[in-house]
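To keep things clear, I will list the structure first and then write my remarks on it.
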Amino acid sequence: MKTKDEMAMIKHHLSDRLLMAYSAGTLPEAFNLVVATHISLCAECRARLGSFDAIGGALLEKVDASAEMSPETLSQTLARLKVQGESPREPAAQVTDKVLPQPLRAYLDGGIEAVKWRAVGGGVRQVVLPTSDHASARLLRIPAGTSVPDHGHRGLELTLVLQGAFSDEADRFGRGDIEIADEELHHTPVAEPGEDCICLAATDAPLKFKGLLPRLAQPFLRI
Ligand code: ZN
Ligand code: ZN
């Protein structure tokens, strides 16, 4: 179980848009998994989800006509997120593993110790999780003090920290924090010294790496 103190340390939360789409069941499985995992760690987002659930799935259609957001951006985002018939919703569950919250454990055989990591270069290791093809989800293990290659994004990237912490151009992210990256963010995440940083990351489009080597390796790594 998470202590109240630990929960209070979560600084970076899900956006209303993600919570709404999750509530309406329109997210691809990989994003559903990240949202469900954050919610299992975060009482604040769990409460916000509760109010969206109460409003119901009809909300999304009404939001379409809202003047608050640029209609173009909104429809683009919804088009990106709207994939029919994705996985069942994971209920908010209590934490039963020190690193892996319950929604995530359903995707792995055993706990964090049993994960079959594969090297992706620069000491970074990953395991791709079995989700539908509309978006991909992976666990990333970044050695303490190491950086992930500098990259930009073509679509949406959600990164949820499960162990350790990383910092990038935007801020510092510790356990439970979620970074929402889109086309506008170009970043070089660096794991803090002391403990390997383990993250759950989901993307709906290939990342844009600056370096040649990561670019060459991309098709094989499904990043
Ligand atoms: Zn939250
Ligand atoms: Zn990124």
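Sequence positions, counted from 1, serve as the residue numbers for this chain. Keep in mind it's a predicted model, so treat the numbers as computed, not measured.
Residues Val161 and Leu100 are members of separate hydrophobic clusters, defined by side-chain heavy-atom contacts under 4.5 angstrom among Ile, Leu, Val, Met, Phe, Trp and Tyr.
Using a 30° and 60° split on the angle between ring planes, Phe173 and Phe166 fall in the parallel class, below 30°.
The number of heavy atoms from other shown groups lying within 6.0 Å of CD (Glu184) does not exceed 12.
With contacts defined as side-chain heavy-atom distances shorter than 4.5 Å, the pair Val35/Leu14 qualifies. Residues Glu195 and Gln163 meet the side-chain proximity criterion, which asks for heavy atoms closer than 4.5 Å. You'll find the side chain of Glu169 reaches within 4.5 Å of the side chain of Thr188, heavy atoms only. Using a 4.5 Å heavy-atom cutoff, the side chains of Thr131 and Tyr107 are in contact. Put simply, the side chain of Val190 does not reach to within 4.5 Å of the side chain of Thr146, judged on heavy atoms. Cys199 is not listed as a side-chain neighbour of Leu160, based on a closest heavy-atom distance of 4.5 Å or more. With contacts defined as side-chain heavy-atom distances shorter than 4.5 Å, the pair Ile10/Ile178 does not qualify. Looking at heavy atoms from C-beta onward, Asp168 lies out of side-chain contact with Ser147 at the 4.5 angstrom threshold.
Connectivity analysis of hydrophobic side chains (ILVMFWY, heavy atoms under 4.5 Å, direct or indirect) links Leu185 to nothing; its cluster partners are none.
The minimum heavy-atom distance between Glu192 and Ser167, with the atom names listed, is OE2-OG, 4.3 Å. For the pair Ala191 and Pro143, the tightest heavy-atom approach, listed with the atom from each and the gap, is CB-O, 3.5 Å. The shortest heavy-atom contact between Ile180 and Ser15 is CD1-N, 3.7 Å. Of all heavy-atom pairs between Ser23 and Asp53, the closest is OG-OD1, 2.6 Å. When all heavy atoms of Arg46 and Ser40 are compared, the pair lying nearest together is NH1-O, 3.6 Å. Pairing each heavy atom of Gly176 with each of His38, the nearest pair is O-ND1, 2.9 Å.
Summarising the geometry, atom CD1 belonging to Ile198 is positioned 9.5 Å from atom CD1 belonging to Ile142; distances are rounded to the nearest 0.5 Å. For the atom pair Leu104 CG and Leu162 CG, the distance stands at 6.0 Å (nearest 0.5 Å). From Met20, atom CE reaches atom OG of Ser51 across 10.0 Å, with rounding to the nearest 0.5 Å. Atom NE2 in His186 sits 3.5 Å away from atom CG in Asp150 (nearest 0.5 Å). One distance of note links CG of Asn32 with OH of Tyr22; it measures 6.0 Å at 0.5 Å rounding. Going from atom CZ of Arg125 over to atom CG of Asp196 covers 7.0 Å, rounded to the nearest 0.5 Å.
When the salt bridge (charged side-chain N to carboxylate O under 4.0 Å, His left out) test is applied to Glu179, no partner is found at least two apart in sequence or on another chain. By the side-chain contact (heavy atoms from CB on, under 4.5 Å) test, Val115 is found to be paired with Leu108, Ile112, Trp117, Val127, Leu139, residues two or more places apart in sequence or in another chain being considered. Take Asp177 and apply the salt bridge (charged side-chain N to carboxylate O under 4.0 Å, His left out) test, not counting sequence neighbours, and it matches no residue. With sequence neighbours excluded, the residues satisfying salt bridge (charged side-chain N to carboxylate O under 4.0 Å, His left out) with Arg48 are Asp16. Every residue two or more places apart in sequence or in another chain that forms a ring-ring contact (aromatic ring centres under 6.0 Å, His included) with His187 is listed here: His151, His153.
Of the possible polar contacts, none joining the Thr37 side chain to the Pro103 backbone as a donor-acceptor pair under 3.5 Å is found.
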request  = With side-chain contact (heavy atoms from CB on, under 4.5 Å) as the test, would you mind laying out the steps for Leu19 and Ile39 before giving the verdict?
outcome  = CA-CA 10 Å; Leu19 280 169; Ile39 283 168; 4.0 Å; yes
Intermediate values then yes/no, side-chain contact (heavy atoms from CB on, under 4.5 Å), Asp182 and Glu157 = CA-CA 6 Å; Asp182 60 16; Glu157 179 190 62; over 6 Å; no
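A donor atom on one side chain and an acceptor atom on the other are not found under 3.5 Å apart for His134 and Asp204.
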